[in-house]
A.B. asks: 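Take this structure first; my questions come after.
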Amino acid sequence: MSATADDQLTIYQRSRAGRRAFVAPALDVPERPLHELLPKELRRRSPARLPEVSEPEIVRHYNRLSKRNFDLDTGFYPLGSCTMKHNPKLHERVAALPGHAKLHPLQDPRRAQGALELMWRLQDALSEIAGLPHVSLQPSAGSHGELAGVLLTRAFHEDRGERRTKVLTPDSAHGTNPATVTMAGYDVVKVGTDERGNVDLEDLRAKATDDVACLMLTNPSTLGLFEPGIEQIARIVHDIGATLYYDGANLNAIMGICRPGDMGFDIVHFNLHKSFTQPHGGGGPGAGPIAVSERIEPFLPRPQVVRREPSGNGSNPSLRYDLDYDRPKSIGRLRGFQGNYGVFVRSYAYIRSLGAAGLRDVSEVAVLNANYLLARLRAEGVLEYLPAAYERSCMHEFVLSGAPMKRELQIRTLDLAKRLLDHGVHPPTVYFPLIVDEAVLIEPTETETKETLDRFAETLAAILREAREDPEIARGAPYTTPVRRLDEAAAARSPIVRETL
Amino acid sequence: MSATADDQLTIYQRSRAGRRAFVAPALDVPERPLHELLPKELRRRSPARLPEVSEPEIVRHYNRLSKRNFDLDTGFYPLGSCTMKHNPKLHERVAALPGHAKLHPLQDPRRAQGALELMWRLQDALSEIAGLPHVSLQPSAGSHGELAGVLLTRAFHEDRGERRTKVLTPDSAHGTNPATVTMAGYDVVKVGTDERGNVDLEDLRAKATDDVACLMLTNPSTLGLFEPGIEQIARIVHDIGATLYYDGANLNAIMGICRPGDMGFDIVHFNLHKSFTQPHGGGGPGAGPIAVSERIEPFLPRPQVVRREPSGNGSNPSLRYDLDYDRPKSIGRLRGFQGNYGVFVRSYAYIRSLGAAGLRDVSEVAVLNANYLLARLRAEGVLEYLPAAYERSCMHEFVLSGAPMKRELQIRTLDLAKRLLDHGVHPPTVYFPLIVDEAVLIEPTETETKETLDRFAETLAAILREAREDPEIARGAPYTTPVRRLDEAAAARSPIVRETL
Amino acid sequence: MSRYTAATDDDRTEMLRAIGVDSIEALFEDIPQQLRLGRALALDAGLSEQEVYAELRELAARNVSTEDELSFLGAGMYDSYVPALIDSITSRSEFLTPYTPYQPEVSQGGLQAMFEYQTAISELTGLPVSNASVYEGPSAVAAAGYIAKHSNGRRRFVVSRGVHPHSRETLRTLARGYGMEVVEAPLNAGTTELSGLDHDVSAVIVQQPNFLGAVEDVAALADAAHAAGALAICACDPIPLALLATPGECGVDIAVGEGQTLGNRLDFGGPSFGFFATTQELIRRIPGRIAGEAVDLDGKRGFVLTLQTREQHIRREKATSNICTAQALNALAGVIYLSWLGRHGIVELAELILQRTVYARDRLRALDGVRALHQRPVIREFALELDVPVDRVVARCLEQGVNPGYPLAHDYEEHPEGLLVAVTEQRSRADIDRLAEVLSGAIAAEKRAVRGAVA
Amino acid sequence: MSRYTAATDDDRTEMLRAIGVDSIEALFEDIPQQLRLGRALALDAGLSEQEVYAELRELAARNVSTEDELSFLGAGMYDSYVPALIDSITSRSEFLTPYTPYQPEVSQGGLQAMFEYQTAISELTGLPVSNASVYEGPSAVAAAGYIAKHSNGRRRFVVSRGVHPHSRETLRTLARGYGMEVVEAPLNAGTTELSGLDHDVSAVIVQQPNFLGAVEDVAALADAAHAAGALAICACDPIPLALLATPGECGVDIAVGEGQTLGNRLDFGGPSFGFFATTQELIRRIPGRIAGEAVDLDGKRGFVLTLQTREQHIRREKATSNICTAQALNALAGVIYLSWLGRHGIVELAELILQRTVYARDRLRALDGVRALHQRPVIREFALELDVPVDRVVARCLEQGVNPGYPLAHDYEEHPEGLLVAVTEQRSRADIDRLAEVLSGAIAAEKRAVRGAVA
Ligand SMILES: Cc1ncc(COP(=O)(O)O)c(C=O)c1O
Ligand SMILES: Cc1ncc(COP(=O)(O)O)c(C=O)c1O
């Protein structure tokens, strides 16, 4: 079971001239000389040097590579802000049904009624969960949903003849928020966080000027805290005529408990790959549907999935669900076709499996698990070195600061994270949110058992004990992983981003 | 990536009262009290203490367990006599098509024409490969095929009014052969092997008396050698009125090159899980179809898949392929239903993928790889300690004897095998065939690359070098596996074969 | 054609040079020239992957699967739902591709799964010892017979006519080899009637529920067997065991059965697995692989194949069975399935099936032209008898997309118009109601047709 | 309902005690009472696994997939064959479930696969730098525009009318945000006509082959762009790149494209992946993740996410893109697919498609009532123009189980009766012949119907 040196070869290094996996179907039409069909000057001069390998080699290569990954089905993965919950296997099965997986996106809607109905029902469910009446499934991920949201904001203001220039984001915001703001042509204005971890209302009021188009907020925030002043915040934002945007990355804390729409948000994005269990795939695919209020609706991307009410004169019943392109105020498309349908199938299956009670249970247990883990860490003495950034009960995740640990044990948050790898646990998110020094953001999710949380707490305590004895151990970690610490700085200085052939 | 202690728990040890993965569909019929439906005295008194675990736990448990297995998609697996060739992924896909996987075995043959045609075509292909006119797909594995074969032999003799009592098997035979002979009510008579590794013709002649019902032979033999005297052997056996049985475990060496039927064999079994790539599944499933000569045909198990020729008067075209039960001389069924159809789908797909030329290429490369590896081991000096049991060119596998190694380096074949584990290679078959002292039976198969064979040869050489320095290392191996050497003797003395709850 | 082989022309040249021959042909020198085939095999040319897929899909499309009709076929294999996590786990190469775990140090995954499986089977059957699987249900019955013969040396099996016809036939086939006589005990009012058991009887073999769906009084049957000094062997359907008195509780010596419903596909009859459980006394006679607990050099718990001296590779002609490759992957699916159901889930599932089965029996027996074939308790399957030719009724139902069950005539000439109807958790009340409607219509139409023909 | 959560009642009690509160409710104290929902969500009750499966299967059954008809739909996504080994690998939890590889020591599998993917894209496009994926083709075009804007600060994009309508629209949507004007360059005789490029032009954007299937002279277009000081951006279909002059050879600055045909399913339009390749000069402006080589403490080769200072989590409002989650798993399928094809296979595949496409175009243009829309070389798709209303002809074909292609009218009012026909390796000569027959019949029928209506 030990790794062999051979494990490290790339697929290109395994290539040998003449090997192959692919066998082409026979040419069954009269063959015409290539130069007649494609003049030489349009043809490539040198071949693409793809690897030459047999099928067993490809299978073994990628199987071995897979073993160099840590994954959710192997162990605990409390990566804060990422909602690494169990990915039910049923979802892969239903998404693979040929009626879903082999459906061409340009199929006539009459011949894709199942797909359109599924999308419509998913819109409906997301609308209910968000507490907002309209949904577009189009965006491909959270940050794409953000972009949609800010572009909607722009269209909304422009439609009213207003040109606003700024978007507010808390200093605790995820990086995609300010990046999105710039991409959508606005200037970012940062709003501070108060000593309890909430939006600093004073600062917000000061910055809430009438050239502000929008406030983007995550609630619970990236600190894992619910904004108790959310109603005031909404009032301040709406009073200046701006929109209130909900970054839904943390929706897992509140499903069925409270709703962004009821809090006053105009636009919400969902991360179906977080709260709704689309597997993360090592960095996608995901989907970032958005839900919006009535006033934003006219601007939604096109096409929109609609249900046509059967008209009195018995209009075509085969077109009950349709794609509506006739949206004159729409901001337009954000991508090709109708969105990441394969993801919709999975998330829809999830919602159907759990129903209302199940979704609420998800959030309750997510919050219970986080608070329990926090309590357990306290009981283990871990918080002495890694105090909670804010002393209050958290939602589905919480932030510790490794600053005292760094000071007193001479190990950094990074070292702690790396040492966890040797214990078969994926580290939490580290150094985010930026406003907490040596931050450790821990999100256990609802699908973990109490035993797993207990073991994690004990492991952290053990690492701290070990560091008290000998900090060098953590500083040199990890030791048992396929590679040890990698020199990222050197890699970025002179980047090698492809194999030299 | 390191294993945690938690890795070793059984699913029962993970159980906590109240957890569950299963959600029952709603009861949609009027509920009747249980005691009305099943009187108490017919009911079980205590529940089956199955584990109580949530779905994420089950997934993680078995995923982790899987990582404690070595497999063919991880590395080289030269387990002699087992033909550990690549298992094409296409086969899993086609076997899972609902039309195959969800077909009830008692479906009306008119409504299972695709399945019956597939079986018929597979029979046809196997018949051509074996050079024998009739095939039954029914047996579930090689040893089941053997049993079918010896029962056919019995039926054949009894039909002629003869009662024979003995079956001959070479001393190199696989254990299933003699075990089968006993199960079929015959006495085993062992035939010796000559100094070239062939059946000792003198001994055979001496034992070929007219109370012998059958000779069971593997060709190439379990020594990886082709019997050059096969024609003489067949003559001897047929001269006494006995049948000649072909153990097809080693068919991978000769597909498209020569055929058991042409050699004079009456009955052949195939191991679809060896030559025809059904994945071994950690010990099955497999399938052991048999091919037979005309004189054996009347006795084949029932039902038999047949093709009905369309009759002149236009008889039912929907019954072109059928199950024929009307076989008065049949030995009867050997199992439930029609055999391991899921295996047939895979092997049929394999035959269709490769065709005649591809199958021949399989055998050529299997033999090339084996001979090359033997040559490479010689070049590495490995044969000085582990000489080939017989000095001649081998077929698809070859046997070394670890006796000199044991004598000179003080490590046994077992130690060598265990030390290989630390190098990420599965050991060859060891201590079989029984007639070679400290036997090592190596079958590389055709799907391995030259580089893999080279590396294996170098690894063996390195282990021998290491043993020359310090034999203790090999004797204590393995070191890098999930567990180290296990005390099998103690386990067998007081067997614990289930978890105590 | 070389997609699965890697030897390029250059490789071949180099390898042949290393071997010291100048052609691959030369490696086959031991094969007498006159035995060489000398032509290509008469098989169609190889195809690309997409073409093979298309062909296999076309063949599949000519089968009517349980997804294509409303099926009440059972009679030994059942259209039960296979949860997705089973595919996900059993398709992992680490479980799918290894051989039988001869090297325990790198096979702990498979071995521990076997141990867990054995525990589950032991719990289900109430017997302390289970092996790691045999081929399937009917051959498990025959394997049990072989053990009985060896354990008491008697010469006759008494097998209930309620045992699956395939099991009875398989037993006969194999018994002929190992030299045993097989006689049948009749059914009376749906259950087995034992009489005249003498001291030649090696084992009495019954099935629970029996082939006609009736729940047997297994304890009484086992008592009768033991009274004659014979072993009691019971073939059981595993899911009903969640509710029924276990073989262990009934005094059965060997419990076997078909494992397909435990997380395995129908697959037109296989591969599935057979389970085999017995008492502590018979542990050293059990066929096939058994995983056992062991400790490693460091004192760590681990698992090995144990009691190997029973087996063919060690004991050869004295082995307790010739089985080698069994059904490990299918048994793995079995233990995952049972863990998925869990202690309470299996009871809930069995009760759901029971309730729906009783509903279905009551619904159908109330139809004009339909009688229940027996009055015994049933649990997932029941037998009916029709007033009109069952084959023609079935054909009429099939036309409407309903497969009403398995006609008994093939196996029970005493029930020429018998029909065996199976209910699984995938058949809802609405499905059963539809069956009732279609069956009733078919019978009425058949009656009209008969009257029409007569008139 | 708790199949995915494990907290039993006992667990809950114990955990709440440890937290020091007496109800879960208490943990939500920060949420103002008046904001609590106070009712259950109005969603249907949860279902068992088998019921969810049945529902999703029922929905799937109401879609006509490419397995259910003979489909010549393309226009950006193609019914190409996905080899089985891709499913087998990408369904492994180790690839399926991890997050973006933030911890490289336990993510070498994913990172190395990205590096291999980048190499393959670089080889295909002839450009030295590829990122690890963006969302899909059209948004990749818009992302390329964003880079162009930042690299030269100019204010206008010139986009060929041969670029996929979805790409053009997506570009417009996003350009409106980042403040760029978009103008279209017309097509003439099937290919892009550029004129009047001035110094406001930031980038010229073309597609190869273009939406009407025509092979463009990309080198000439790139030269024209460069002459005006603009960047040349080319959206390419990856399989034809096996034969066509690469973006790199043509002097293109940024090559993007839709990766679906590289081993990804149709999935009604997603998820697939977009690829993004560029020159060494633009490496620090590229959006999204990039895997780079690194060495570990022991000097061992490994891989990391590199150039992270471009990205949103570091650079925030100054990032080169806001992209975070991208399409890693789909790109993995892409690199496996390309390795499966291999150096020669990709050429063989492209040539097969080319030959069949030309055969199909010749076959169809010869039909009565059909004209080729342009005479340019085509490679996997071509546009026709019909004499009769295309919608009605398509409807007639659909009735016969043939989907003849994509009507152009929706996107090109200048081609009201245009039809875009795509050929993949899964459409055989016999399939094309059948299309010809059905299409010809449909046109004839339509002509008759028109004549009949007129008469
Ligand atoms: C708080 C927050 N917002 C936005 C995002 C961006 O989502 P995505 O990765 O789906 O684009 C993330 C993802 O990590 C997040 O945690
Ligand atoms: C030579 C030989 N014969 C027979 C068998 C038995 O085959 P099976 O395991 O399929 O029953 C084997 C399997 O290892 C074998 O190698």
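The shown structure was predicted, so the numbers you read here are calculated from the model rather than taken from an experiment.
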A.B. asks: Starting from the C-alpha separation in whole Å, work towards a yes-or-no answer on side chain to side chain contact (heavy atoms under 4.5 Å, CB included) for C/Leu244 and B/Arg44.
C.D. replies: CA-CA 5 Å; C/Leu244 293 174; B/Arg44 70 184 291 160; 5.9 Å; no

A.B. asks: Holding to salt bridge (Lys or Arg N to Asp or Glu O under 4.0 Å), I want the full list of residues that pass it with B/Glu117, two or more places apart in sequence or in another chain.
C.D. replies: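 Counting only residues at least two positions away or on another chain, B/Glu117 forms a salt bridge (Lys or Arg N to Asp or Glu O under 4.0 Å) with B/Arg121, C/Arg62.
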
A.B. asks: Check whether B/Tyr62 gets within reach of chain C through its side chain, its backbone, both or neither, counting any heavy atom under 4.5 Å.
C.D. replies: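 Both backbone and side chain.
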
A.B. asks: Let me know if C/Ala319 has heavy atoms under 4.5 Å from chain B in its side chain, its backbone, both or neither.
C.D. replies: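 For C/Ala319, the side chain is the part near chain B, not the backbone.
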
A.B. asks: Short question: side chain of B/His104, backbone of C/Thr66 - any donor-acceptor pair under 3.5 Å?
C.D. replies: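 Not confirmed, B/His104 side chain does not pair with C/Thr66 backbone.
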
A.B. asks: For C/Arg172, which atoms come within 4.5 Å of any heavy atom of chain B: side chain, backbone, both, or neither?
C.D. replies: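 Neither part.
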
A.B. asks: When rounded to the nearest 0.5 angstrom, what is the spacing between CZ in C/Arg3 and OG1 in B/Thr447?
C.D. replies: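 It comes to 14.0 Å.
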
A.B. asks: Under 4.5 Å from any heavy atom of chain B, what part of C/Ile31 do you find: side chain, backbone, both or neither?
C.D. replies: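 Both parts, backbone and side chain.
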
A.B. asks: Show, in sequence, the C-alpha distance, side-chain angles and deciding distance for B/Glu55 and C/Leu85, and conclude whether the side chain to side chain contact (heavy atoms under 4.5 Å, CB included) test is met.
C.D. replies: CA-CA 8 Å; B/Glu55 176 163 332; C/Leu85 85 177; 4.0 Å; yes

A.B. asks: Non-hydrogen atoms of chain B under 4.5 Å away: do they reach the side chain of C/Ala291, the backbone, both or neither?
C.D. replies: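 Backbone only.
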
A.B. asks: Find out whether the Lys NZ or Arg CZ of B/Arg498 is both under 6.0 angstrom from the six-membered ring centre of C/Phe115 and within 45° of the ring's axis.
C.D. replies: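 Ring-cation test returns no.
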
A.B. asks: Contact part of B/Leu151 toward chain C, heavy-atom cut-off under 4.5 Å: side chain, backbone, both or neither?
C.D. replies: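 Side chain of B/Leu151 only, per the 4.5 Å heavy-atom cut-off to chain C.
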
A.B. asks: Could you check whether C/His166 and B/Phe337 have their ring centres less than 6.0 Å apart?
C.D. replies: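 For B/Phe337 and C/His166, the ring centres are under 6.0 Å apart.
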
A.B. asks: Please state whether the side chain, the backbone, both or neither of B/Arg45 comes within less than 4.5 Å of a heavy atom of chain C.
C.D. replies: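 The answer is both parts of B/Arg45.
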
A.B. asks: Does B/Glu128 use its side chain to pair, donor to acceptor, with the backbone of C/Ala42 at less than 3.5 Å?
C.D. replies: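 Here the side-chain-to-backbone pair exists.
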
A.B. asks: Taking every non-hydrogen pair under 4.5 Å, which of C/Leu354, C/Leu349, C/Asp11 racks up the most with chain B?
C.D. replies: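 Ranked by heavy-atom pairs under 4.5 Å with chain B, first place is C/Leu354.
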
A.B. asks: Against chain C, label B/Arg49 side chain, backbone, both or neither, depending on which of its atoms sit under 4.5 Å from a heavy atom there.
C.D. replies: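 B/Arg49 touches chain C through backbone and side-chain heavy atoms alike.
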
A.B. asks: Are the charged groups of C/Asp30 and B/Arg392 less than 4.0 angstrom apart, N to O?
C.D. replies: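 A salt bridge links C/Asp30 with B/Arg392.
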
A.B. asks: State whether the side chain of C/Glu116 and the backbone N or O of B/Thr10 hold a donor-acceptor pair below 3.5 Å, judged by distance alone.
C.D. replies: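 It does not hold such a pair.
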
A.B. asks: Under the criterion side chain to side chain contact (heavy atoms under 4.5 Å, CB included), I'd like the reasoning laid out for B/Met84 against C/Thr97: C-alpha separation, chi angles, the key distance, then a yes or no.
C.D. replies: CA-CA 8 Å; B/Met84 301 301 286; C/Thr97 69; 6.0 Å; no

A.B. asks: Need one label for B/Pro478: side chain, backbone, both or neither, based on atoms under 4.5 Å from any heavy atom in chain C.
C.D. replies: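 For B/Pro478, the side chain is the part near chain C, not the backbone.
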
A.B. asks: Using a strict threshold of under 4.0 Å (side-chain N to carboxylate O), is an ion pair present between B/Lys67 and C/Glu94?
C.D. replies: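 B/Lys67 and C/Glu94: not salt-bridged.
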
A.B. asks: Using non-hydrogen atoms and a 4.5 Å limit, figure out which bit of C/Ile24 sits close to chain B: side chain, backbone, both or neither.
C.D. replies: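 Just the side chain, heavy atoms under 4.5 Å.
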
A.B. asks: Go through the atoms of C/Val347 and report whether side chain, backbone, both or neither lie under 4.5 Å from a heavy atom of chain B.
C.D. replies: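 It is neither, since no heavy atom gets under 4.5 Å.
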
A.B. asks: Measure the spacing between CG of C/Leu266 and CD of B/Gln107 and express it to the nearest 0.5 Å.
C.D. replies: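 Nearest 0.5 Å value for the CG-CD distance: 10.5 Å.
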
A.B. asks: Keeping the roles fixed (side chain from C/Asp296, backbone from B/Val483), state whether a donor-acceptor pair exists under 3.5 Å.
C.D. replies: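 Not a single qualifying donor-acceptor pair exists.
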
A.B. asks: Is it true that a side-chain atom of B/Thr182 and a backbone atom of C/Glu317 form a donor plus acceptor pair closer than 3.5 Å?
C.D. replies: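 Yes, B/Thr182 side chain to C/Glu317 backbone: donor-acceptor pair under 3.5 Å.
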
A.B. asks: Does B/Leu90 form a side chain to side chain contact (heavy atoms under 4.5 Å, CB included) with C/Leu56? I'd like the steps, not just the answer.
C.D. replies: CA-CA 10 Å; B/Leu90 169 64; C/Leu56 273 286; over 6 Å; no

A.B. asks: Please state whether the side chain, the backbone, both or neither of C/Leu96 comes within less than 4.5 Å of a heavy atom of chain B.
C.D. replies: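 C/Leu96 touches chain B through backbone and side-chain heavy atoms alike.
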
A.B. asks: For C/Leu398, is it the side chain, the backbone, both or neither that has a heavy atom under 4.5 Å from a heavy atom of chain B?
C.D. replies: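 Both parts, backbone and side chain.
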
A.B. asks: Heavy-atom pairs under 4.5 Å with chain B: which of C/Ala6, C/Pro138, C/Pro98, C/Ser65 has the most?
C.D. replies: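 Heavy-atom pair counts peak at C/Pro98.
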
A.B. asks: Hey, would you say the C/Tyr135 and B/His144 ring centroids sit under 6.0 Å apart?
C.D. replies: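 When the ring centroids of C/Tyr135 and B/His144 are compared, they turn out to be within the sub-6.0 Å range.
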
A.B. asks: Please flag which part of C/Tyr99 lies under 4.5 Å from any non-hydrogen atom of chain B: side chain, backbone, both or neither.
C.D. replies: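 Both parts, backbone and side chain.
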
A.B. asks: Answer with side chain, backbone, both or neither: which region of B/Ile331 has an atom nearer than 4.5 Å to a non-hydrogen atom of chain C?
C.D. replies: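 For B/Ile331, backbone and side chain are both near chain C.
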
A.B. asks: Tell me, for B/Pro301 versus chain C, whether the close heavy atoms (under 4.5 Å) come from the side chain, the backbone, both or neither.
C.D. replies: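 Neither part, no heavy atoms under 4.5 Å.
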
A.B. asks: Return the CZ to CG distance between C/Phe268 and B/Asn340, rounded to the nearest 0.5 Å.
C.D. replies: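 Reported value, rounded in 0.5 Å steps: 13.0 Å.
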
A.B. asks: If we define contacts as heavy-atom pairs under 4.5 Å, which of C/Glu351, C/Glu293, C/His313 has the most with chain B?
C.D. replies: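 It is C/Glu293.
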
A.B. asks: Under 4.5 Å heavy-atom distance to chain B, tell me which part of C/Glu311 shows up: side chain, backbone, both or neither.
C.D. replies: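 Neither part.
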
A.B. asks: Should the ring pair C/Trp340 and B/Phe22 be called parallel, tilted or perpendicular, given that the plane angle runs from 0 to 90° and is split at 30 and 60?
C.D. replies: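 Perpendicular: the ring planes of C/Trp340 and B/Phe22 meet at over 60°.
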
A.B. asks: Salt bridge check: are B/Asp262 and C/Arg36 linked by an N-O gap of less than 4.0 Å?
C.D. replies: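 Salt bridge between B/Asp262 and C/Arg36, a charged N being under 4.0 Å from a carboxylate O: no.
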
A.B. asks: Are the side chains of C/Arg57 and B/Val94 in touch, meaning some heavy atoms are under 4.5 Å apart?
C.D. replies: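 Counting from C-beta outward, C/Arg57 and B/Val94 never come under 4.5 Å.
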
A.B. asks: Are C/Ser91 and B/Glu92 packed together at the side-chain level, in the sense that at least one heavy-atom pair is separated by less than 4.5 angstrom?
C.D. replies: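 When only atoms from C-beta onward are counted, B/Glu92 and C/Ser91 do not touch, as no gap falls below 4.5 Å.
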
A.B. asks: With distance as the sole test, does C/Glu169 use its side chain to make a donor-acceptor pair with the main-chain N or O of B/Arg333 at under 3.5 Å?
C.D. replies: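 Such a contact is found between C/Glu169 side chain and B/Arg333 backbone.
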
A.B. asks: For C/Tyr359, is it the side chain, the backbone, both or neither that has a heavy atom under 4.5 Å from a heavy atom of chain B?
C.D. replies: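 Contact with chain B involves the side chain of C/Tyr359 alone.
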
A.B. asks: Name the region of C/Ser339, side chain, backbone, both or neither, that has any atom closer than 4.5 Å to a heavy atom of chain B.
C.D. replies: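 Answer is both: backbone and side chain atoms of C/Ser339 are under 4.5 Å from chain B.
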
A.B. asks: Hey, could you give me the CD/CG distance between B/Gln113 and C/Asn63, rounded to the nearest 0.5 Å?
C.D. replies: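 Between B/Gln113 CD and C/Asn63 CG, I get 8.5 Å after rounding to 0.5 Å.
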
A.B. asks: Which region of C/Thr173, side chain (C-beta onward) or backbone (N, CA, C, O), has a non-hydrogen atom less than 4.5 Å from a non-hydrogen atom of chain B, or is it both or neither?
C.D. replies: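 Answer is both: backbone and side chain atoms of C/Thr173 are under 4.5 Å from chain B.
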
A.B. asks: Would you mind reporting whether B/Ser140 and C/Ser139 have side-chain heavy atoms less than 4.5 Å apart?
C.D. replies: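 No, their side chains stay 4.5 Å or more apart.
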
A.B. asks: Salt bridge check, B/Lys418 against C/Glu105: does any charged N sit closer than 4.0 Å to a carboxylate O?
C.D. replies: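 Here C/Glu105 pairs with B/Lys418 in a salt bridge, since their nearest N and O are under 4.0 Å apart.
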
A.B. asks: What part of B/His426 gets within 4.5 angstrom of chain C, counting heavy atoms only: side chain, backbone, both, or neither?
C.D. replies: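 For B/His426, the contact with chain C is made by the side chain alone.
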
A.B. asks: So does C/Glu55 pair up with B/Arg352, basic N to acidic O under 4.0 Å?
C.D. replies: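 Result for this pair is yes, salt bridge flagged.
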
A.B. asks: Run the salt-bridge test on B/Asp487 and C/Arg301 with the 4.0 Å N-O cut-off and return the result as yes or no.
C.D. replies: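 No, this pair does not count.
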
A.B. asks: What part of C/Val21 gets closer than 4.5 Å to chain B, counting heavy atoms only: side chain, backbone, both or neither?
C.D. replies: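 It is neither, since no heavy atom gets under 4.5 Å.
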
